[in-house]
Structures are given as structure tokens and as C-alpha cells.
Amino acid sequence: MAVTKKSKPSTYFSLGADIHDTKAPAGPIDKKWQARQLQAKLVNPANRRKLTVIIVGTGLAGAAAGATLGEAGYNVHSFCYQDSPRRAHSIAAQGGINAAKNYRNDNDSVHRLFYDTVKGGDYRARETNVYRLAEISAGIIDQCVAQGVPFAREYGGLLDTRSFGGVQVQRTFYARGQTGQQLLIGAYQALERQVAAGTVTMHSRHDMMEVIVHNGKARGIVTRDLISGKIEAWYADAVVLASGGYGNVFFLSTNAMGSNVTAAWRAHRKGAYMANPCYTQIHPTCIPVQGDHQSKLTLMSESLRNDGRIWVPKDPADAEKDPRQIPEEDRDYYLERIYPSFGNLVPRDIASRQAKYMCDDGRGVGPLISEVTQEGVSQQRRRGVYLDFADAIARLGKAAVEKLYGNLFDMYAQITGEDPYATPMRIYPAVHYVMGGLWVDYDLMSSIPGLYVAGEANFSDHGANRLGASALMQGLGDGYFVLPNTINDYLADGPFEKIDDATPAAVEALEAAKARVDRLLAVDGTRTVDSFHREVGAIMWEYCGMERTEEGLQIAIEKIRALREEFWTNVKVPGTGVDFNQALERAGRVIDFIDLAELMCIDALNRRESCGGHFRRESQTEDGEALRHDDEFAYVAAWEYAGDGEAPILHMEPLNYEAIELKQRSYK
Amino acid sequence: MKITLKVWRQANKDAKGSMKTYRLDDVSEDMSFLEMLDMLNEDLTTKGGEPVAFDSDCREGICGMCGVVIKGSAHGRYESPIATTTCQLHMRYFADGAVIEVEPWRAGAFPVVKDLVVDRSAFDRIIQAGGFISANTGSAPEAHSTPAPKHLADRAFDNACCIGCGACVAACPNGSGMLFTAAKITHLANLPQGQPERHSRVKAMVAAHDGVGFGGCQNVGECAAVCPKKVPLESIAQLNRDLFASLFKSV
Amino acid sequence: MSVQQKAVRSTVVKKAIMALTGLVLVGFLLMHMFGNLKVFAGPAEYNHYALWLKQDLLYPILPHGWFIWLFRIFLILCVVLHLYCALRLTQASLRGRGTPYVRRKRKEQTFSVRWLRWFGLLLIALISFHILMFTTGTFTPGFEYQFEDPYSMYVGAFQVWWVFAAYGVFMLLVCFHLRHGFWSAFTTLGANVGPSSRLTLNLLAYFFAALLFVGFLLPATAVFLGWVI
């Protein structure tokens, strides 16, 4: 569908030319990937070792790409901020990975996985990319099994699958509640195998600080060695960012403490477009906030929704009652009531928003939390709903429930000090994943030639909302199968001209990195880095969280700008730049989050529709469901950086649906 | 609650370290141990001191990045009723007024980077030696072409769940990394896909284990007792069996 | 060095050598204990057994008196290998453990493994002492060295209170050393296949340690208390 009514520029941004993906070949959707692979230029195996590829990040996408490009014979340099590539936050994914294997004989197919993913993404994903993802999904499972990933199995020795939030087929492969860990360890082992083989050089405890763009091409990066503080340039023929998502902009999220936007944001400042930054996934089944000391939120796999029932007391007065004493008739199983056909398995955005409404309504449970609404009203609300396993325990027995969810229950017990076998768990939505990210084409190349973006760091496959168990699929799909089959098309023109520390682009990047460290240390104010992070997080959660309004977003932008001002005049970064300095690491990340936060709000402000994870109060149906405006907003908003203090430039990529008909989502 | 902390401070790898005492008066029992350390650091920073360096990342007990010795046990295991990582240990397990010693993992193969941060790259080197199945991307057969008996797949999983945190090494009186090595050996040895390299793998990994400076195993059992993922001690016996068998194979 | 060579020289193989030699020594102790119990059968039986062991065993396959020397050489080899591996493993442990903890709490580490190495060293000293007394006759408190009458040496020695006391301590060390050593040997050799075998091996280790302690101390005590003269 063509975009009929264009967004108008405002004081917040200016409008640039439309952009388009030029790489996906014409033809039927199920032939495109094959055609692209056939078209792509190849690199002779003997020439590959002369080509260097830098990969930033060692999660599923980065480790898989590193291993695969290493196997192919390229000279790979891999970077991560953790002490080992095995610790990337992909490891925390619990639930599973989708694949169109149809092992359950339940009408699954590549097309159905494709359809479910596009629909789940509320028709804001690029069709061609999603179809390819569904196509390669089965190969991912094969690859992982061959690597020794211990997926759950049936007694006959074959792989077990289960259904997962938002879909009606059982296509999700899993490894207890630790699927991400097992997949990542598989990719990590493959990567370490290449380290041993000499094709991959691993640089752990390195932060990426700049991209080096020479003659319009990404030719390297500048890093800071987190132990010695050494700032160094690395050169390559292509750079891959697989640096994950930026959910930590909300401070409290299920992301790792170190997850950050810096690599992507630095690339954005060098010319890479940031697409749909406001698309944030708020995951419904997280452990609620317990107090203001909290440093992060913990997610519990949404597989819990397969057997757990979500409810709140009908009467707010029952909030403090022992939930076991509340009789059935006084409970509101609100998801089952509102969405009878999907019940507790509605997509994440819907489950999250309904939980918010229940709590807004005063029917939440758990401790009272003081908060200020978007309208500036101070109030106290309980932020939690019950996730009850009493029925499942009665039906399946405690042992069976323990087998399925034991590690999640243990985790809950350890964090809250409550026994989930005895009393219902309390859950509340939390920021979990960002669908937005750097804009890429069908080849996963960003708007900077030679700069590729894979995994959560790119925007491509999940539209406005990600379906459960598809992040792992996308990360591994990008890393194992997409990137290694597209990057050659670019590298075939290499090796590119040699550059070194004297090349102006490198000098500029090195100096910028050094100046940034010096500037952060020089402020020497009175507020800690974390206090800024908490503040920007609180602004984002309130104004750019589960529900957004025009007015609220404008307030948020003002607050963020003021916070940035204060950061650069009052932040306190102790220590020096020439040794291990964790406050300095965080300071660099937090200021990038503050800059990103502004862009997220601008993007959210521009998108005057409700879609997926982005819910605008002004755009809802009569019964309060999200209302999309396909005539106005069926496009990817790709933002170009225009300079500090300058309004960003919006480029629109119209979304054309040929294989799927655009429909208003309904899970009722 | 009020807490007295005695924290190991060491400026860098080569500096001499010592225990420094800090007091916190407003610790909530809902805090995780690391949130309590965050609080200490906020306090130190505001007062112009240098914050304590410590590692953590996912803070949900799965990435293996965090890990300190608390009151003499790795991850404070002996303060917690169930197996735990440092990030999942909560302050409710400590008494008001408690004195808590916090030290880094201490092992020859894990040199201190700063304060409570150590270098665990020795683990990566063990994996590099052979902790993998050589299956190039794209070369995999259909997943169902090789069924794996469930009981073996489960045993593989019980070992694959190792998070590489290094608590086993920290707790071992010999600074041995045998439980870590054995977990990977046992994981891969119990899967059909792991068989072709089974003999070469165990030899290479054991050689690497000794080579990077870990001590030998004395079957003490401290490692398995503190393991946050309950990797069983029996895995070391599996490693031993596999190694003896492999010595007679020319791979 | 090739991977094979490194694997052969690895700590795991050294542990296996310790396990095998340790088990040989446990076997020897059981045999030795059996011999000592013959004290209750009287001088003639005891001496006959001792002399048969030293002169006639395996005769006529071997000439008179050869077996005992072959056996001693074998035992010394076991002790030397056990000791050599222990030293090398201790070296690896010292390197492996790094800076000591300011505070440490250990729940699984038993008394016997905590002191395993030190007891092992003490045992070397005490075994040497034992040999100097009864084998070479260099040191003979309470008795005269008589090759033909070991019974009189045994009885004479254990009537001396401090010999008896030292012997008690010696056997205590042996049993603690063996308590961990026995379980550890089987585990090292791969017998620890699950929680139940772990329990069984540990119970067996306690059993053998107790058996040896009682078996060695019973005749010595009988002598000391004057029940056997």
C-alpha cells in the first residue's frame, strides 16, 4: 500500500527524501532470497583472508557471524565489552526459538511463520526480510543441533516443541528455560573454534567509540580498552554492528547492565539512519519493581503464560488480601475475558497494556508505588497482577509444573522471597526488547556503505512488535545465514585502499574518542552517572513507555534536553581515563542514551497512530484497542543525524505489502 | 538494615591489595547483593572516593559475569538457602549489623584486574582447545536425522547449563578448573553429535586446563557445592573416564 | 609437546597414578593387618607366617627370600610414584590457588582432605621409623632385633608406652589419609557415576579406614594391656 499522506515536518525534525531497499530482487516473495544469493558477487576462497571484517558484539548475531565468516576464511576481528564473548545478553533469553519445521503436523509452514511474524509486528516490518527469516528458520535449528545445543527432546529422542505467545502452532524449540544461553554457547563455541583456528581475533573488554568512515565507506572503528584505557583504531574492509538493543535507555529493563546504544549511536552520528527508534517491546511477565534501589528488572519467560492464568481482584479493596483467600467469583481473569480466543496467550504488547490498565484502574496488587502521571498528578498505585499456577498444579501436579518451569520459579523465589508454588506470582510489564534500530537494506547494510547491522541492533524483522521466540531466530538467522551470504557482494570489490592512523578519517575518529573521554572526566560536577541514567529512564518510562501522548512526548523532549544540559555541567566521573574505570564506561553510555531518548520521543511524537509496542492515546478504537493508520504511517521512519542541536531528518521507507494483506490486528 | 563491608581493594594487576572497611546504614533487605554494592559506589562517588570495581552484566544469574567471594564462600553460596549467583543473592539473607567480607575470585589462573574484577580468559582458552563440535555453518544435516536419547540429552543439559562464572575455581582449595572443563566434556560427550571429536576433545581440553595454570582436582567437592547451576561432581569422573580411554586412541 | 604427550603428563593422569598406587598400598595395609592379627594365634603361628612371607613365599618359583625383595621394590616404586605425583600436583595447586583468602568458608572440604598432604608427609617419616625398628633393627626400643622371632619384637615394642602411643597416632594419620584417598582414588578412576555411587564410595572409605584402625590397634592394645605376652 502506498503512503498517501506524508508526515509534515515540525520544529522537532525536518523531512528528507524517501528511501528504499534496493537489494531485494523483484519476483515472487518465495524466490527473492534465492535470487539475491544468485545475484550477489562472490569472493574467491583464496582472496578471503586478505579481507578483514570487524564485528562489534558477540551475541547470537555477532558470534554467529564471526564464526561463519571465520569459517569462510575472512580475517575477522571481534569485539565485546564483556570479559568473554560468552556473556552477551542473548544469553538471558529464556523461552525459545521459532522455526517452520512443522514437526507437530499442525499446519505450520514458512508462509505461516512469515504471516504470524508480520501480523505480530502489526504490519510495520519489511515483508521481504521477514519472509527470508521464515525461510531460513529451519536451517537454524539444524545448525544448532549439529553444534550440540541440547534442545528439549521427547522420549523417542526427537526434538520437542511448544507454542509461544501470540501463535496457535507449536513451532517453538526450547532448552528448558535457558534457550538463549544454550544457543549463545553454541555460537560462542563455534566462534572460539575460529579463534583457535586463527581466523578470528577476539578483543574482549573493548568499548566501541567511533566508526571510521573513509571516502564514504565504513572502514574501521575506534575502541577503548576497558582495562588499560587505551584508545585505538582498527581497520577493516567492512564493519558489522551486532551490538544489541537499547532498552536500557529506560534504566530499568530486562537488558544487561552493560547493554548500550553507544556503538549504534556513534554509527548513527556518522551517517547511519536510525529506524523506528520508538518501537519498544514491553514484556508482560516480569517481576515487579520492589523499591527504588532496583538496578534492573528480571523477566520470566512468557512460556509461563501457557499454563499460568493472569488475574486481578475485581474489587480494589482485595488488593492486600492473601490471594488464595480471594474466591473465584471475585477474580477478574481479564485477558481470558477480553480476548476469549487467545486468552492469556495474546501478543506481548496487548498483555502488557492490559496489565497497565488494570493497575491504572487501581486493581493492581503488590506494594504501593508512588508515581507522577503524565498529567503531573501524584498518585499511589500497585503495579502488579497475579500469574496463578494453582490450576496448572491441580491439573498437572506439582512435579510436572516444576519440570517445566522450575528454574523460573526458583528465580522468582530468590528475588522476591515468596514461594510461587504456594501463592500466585506477581508480574508487571517491563522493557525487554527494542524493535527499532539502525536502518538496513535486504543485505543488512546500513545507510553507510560497508557498515552492516545484525540482530537486535537493526530494525528489520519485527515491525512494531516482536513475537515471542523470534529474537533468537532473527539473531542467529542474520549471523549464520543472511550476513555471510550478502556481505560478500560488498567485499568482492575489496580489499579497499589501505588506511592507517594517519588517514584523516582515522585521525578525526581517534581524536573525537579521546576528546569525549577528556570531556566526560573534565565536568567534575556533583551528580553520579547512575542518577542521570535513572532520571532519563524515569522520563522515558512515563512518557515514552506503554502509552504515549502528543503533549507528554513534548514535555519529555524538554525534560531530556534539560537533563542533557545538566549532564554536561554537573556529572561526576571519578578516576582517570587510563585505567579500568567503570564509571567512565557508564558515563559514555548514559549520555548516548540521553541523546537517543530525544530521538525516540521525536519518533514517537511523529507516529500519531497506535501500532504494536507504540500506543498513542489519541489513536484507539472505541473499545480501547490500538488503532493503526495505514494510510498515513505504513512506513519505516529512518532518522538521519543532522548535527548536535540540529533537528534530525526523517526519511520514510514506504512499506509495500504484496504477499500479505494489511489488516487491523484482532486477537479477540 | 546496617551493614559493615570489608572489601578487597587492589588498584591493578600488579598492585598489592588490602581489605578496606565501609559502612552502609540504609540497606533494604529486598536489594540484591550487587545493588547493595551499587549503593556503596554511589555513596563513595558522592563523597569523592573511588568506587569499587566489580563485574556484573545480566543480573539475572545467567551470563556468569558477576562473582565475588562473600563471607568466605563463592557467590555467598553458604549464606543463601539455594544455589545462587552473586547477582541473585539478596540482602534478606544477612542479619542487620552483619560484617561482610567481599573478596575477588582468587586463583592463579584468574589474575585480579582491579578490586573485585578478575581476568577469566583462561576459561575461553580451554574452550578454544576443543570445547566445541566442528560443524561449519550450512553443513548441518536435518535436525531429526540423529535422535538423541532423552536421558543423555538431559545429562548433556545438566552440564551445558554451566555459565562459566568461575565459582568452582574460586572455591577449590587447589584452584582447579576441572568442574568447568568436565561440564563441557560431559555436555558434548553425551550427545551423538559430540562423538566424532570425543577423544581428541578431552585430551586437548585437559592439556589446555593444565596449561593455563589451573591446579589439579583433589575430589574435594567444594566446586559442585557452590556451583550456581548445580553442575554435578560426577562430571569430573566422566572427564577422567573419557581421558583414560582417549589415551589409547591415536587422535 | 603434542596434545597426546600433554594429556599423558596431565594432572588427571598423575591423579590416576596416585589412585592406583594408593590402592596398592591400601591392599598392602590390609595384608599387613592380617599378619599382625596373628599375634592372637601365638608366637609359633606368628613367626611361621612371618618367615614364610620373607623366605618361602612363591618358592620354588623363585629362590628362597626373593619374593620379599621383589615385593619391597614394588612397594617402594609405588610409594615413590605416589610421592612424586603428589609433589607435582601440590606444585600445580600452589600455583593454581593464588593469593590466599582473607576469609574462607568451606563446607565440603573434610578434615581428611584438608590435611591430606601433611599427613602424607608425616606418614613417610613414620613409615621410615617403622622400617628402622622392625626391618633393619637400627632402633629397638623394648626389644632386641631377632630375624627369627618377630613375635618377640612386636610384643617387646608395644609394651613401651610411647611406642604404643606413637603407633596409635600413626594409625590415626594412616586412616585419615586413607579416608579421603580411598574415595578419591575411585572417583579419579571414574567410579563416581552418580549421587548413589558417591555415597557408596564414601561409606566404603569410612569402612576401610575404620577397619584398618581397629585391625592394627587391636593386637597392639592387647600387647600394651598385657593380654598377650
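Numbered from 1 within each chain, the chains take letters A, B, ... in sequence-line order. No hydrogens, no waters, no symmetry mates; every other heavy atom, side chains included, goes into these values.
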So, Asn240(B) side chain and Gly190(C) main chain: donor-acceptor pair closer than 3.5 Å or not? no

Sidechain-backbone polar pair: Tyr101(C) side chain, Gly72(B) backbone, donor-acceptor under 3.5 Å: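 Here the side-chain-to-backbone pair does not exist.
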
Chain B interface, residue from [options] that has the most non-hydrogen pairs under 4.5 Å:
| options | value |
| --- | --- |
| Gly98(C), Ser197(C), Ser10(C), Ser93(C) | Ser93(C) |
| His180(C), Arg106(C), Gln109(C) | Arg106(C) |
| Val102(C), Val3(C), Val113(C) | Val102(C) |
| Gln4(C), Arg97(C), Arg104(C) | Arg97(C) |

Part of [X] within contact of chain C (heavy atom distance under 4.5 Å):
| X | answer |
| --- | --- |
| Ala74(B) | neither |
| Lys249(B) | backbone |
| Pro173(B) | both |
| Cys223(B) | neither |
| Glu103(B) | side chain |
| Pro104(B) | backbone |
| Leu243(B) | side chain |
| Ala109(B) | backbone |
| Val220(B) | both |
| Gln10(B) | neither |

Chain C: which of [options] shares the most heavy-atom pairs with it under 4.5 Å?
| options | value |
| --- | --- |
| Leu247(B), Val206(B), Val169(B) | Leu247(B) |
| Ala170(B), Ser246(B), Gly17(B), Pro111(B) | Ala170(B) |
| Lys71(B), Gln238(B), His209(B) | Lys71(B) |
| Ser250(B), Gly211(B), Pro232(B), Ala171(B) | Ala171(B) |

Lys/Arg N to Asp/Glu carboxylate O, Lys105(C) vs Glu101(B), below 4.0 Å: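 No, no charged N to carboxylate O under 4.0 Å.
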
Can you name the closest pair of heavy atoms from [X] and [Y] and give their distance?
| X | Y | result |
| --- | --- | --- |
| Arg117(C) | Asn174(B) | NH2-OD1, 3.0 Å |
| Phe244(B) | Ala16(C) | CZ-CB, 3.5 Å |
| Thr11(C) | Asp210(B) | N-OD2, 2.7 Å |
| Val193(C) | Glu234(B) | C-CG, 3.6 Å |
| Asn192(C) | Ala237(B) | O-CB, 3.2 Å |

With a 4.5 Å limit on heavy-atom distance, are the side chains of [X] and [Y] in contact?
| X | Y | value |
| --- | --- | --- |
| Met178(B) | Val12(C) | yes |
| Gln218(B) | Leu89(C) | no |
| Thr187(C) | Ile236(B) | no |
| Lys15(C) | Asn219(B) | yes |

Are more than 12 heavy atoms from other residues, nucleotides or ligands located less than 6.0 Å from atom [atom1] of [X]?
| X | atom1 | answer |
| --- | --- | --- |
| Phe40(C) | CZ | yes |
| Trp162(C) | CH2 | yes |
| Arg92(B) | CZ | yes |
| Phe34(C) | CZ | no |
| Lys6(B) | NZ | no |

Contact part of [X] toward chain B, heavy-atom cut-off under 4.5 Å: side chain, backbone, both or neither?
| X | result |
| --- | --- |
| Arg198(C) | side chain |
| Leu94(C) | neither |
| Lys107(C) | both |
| Pro195(C) | both |

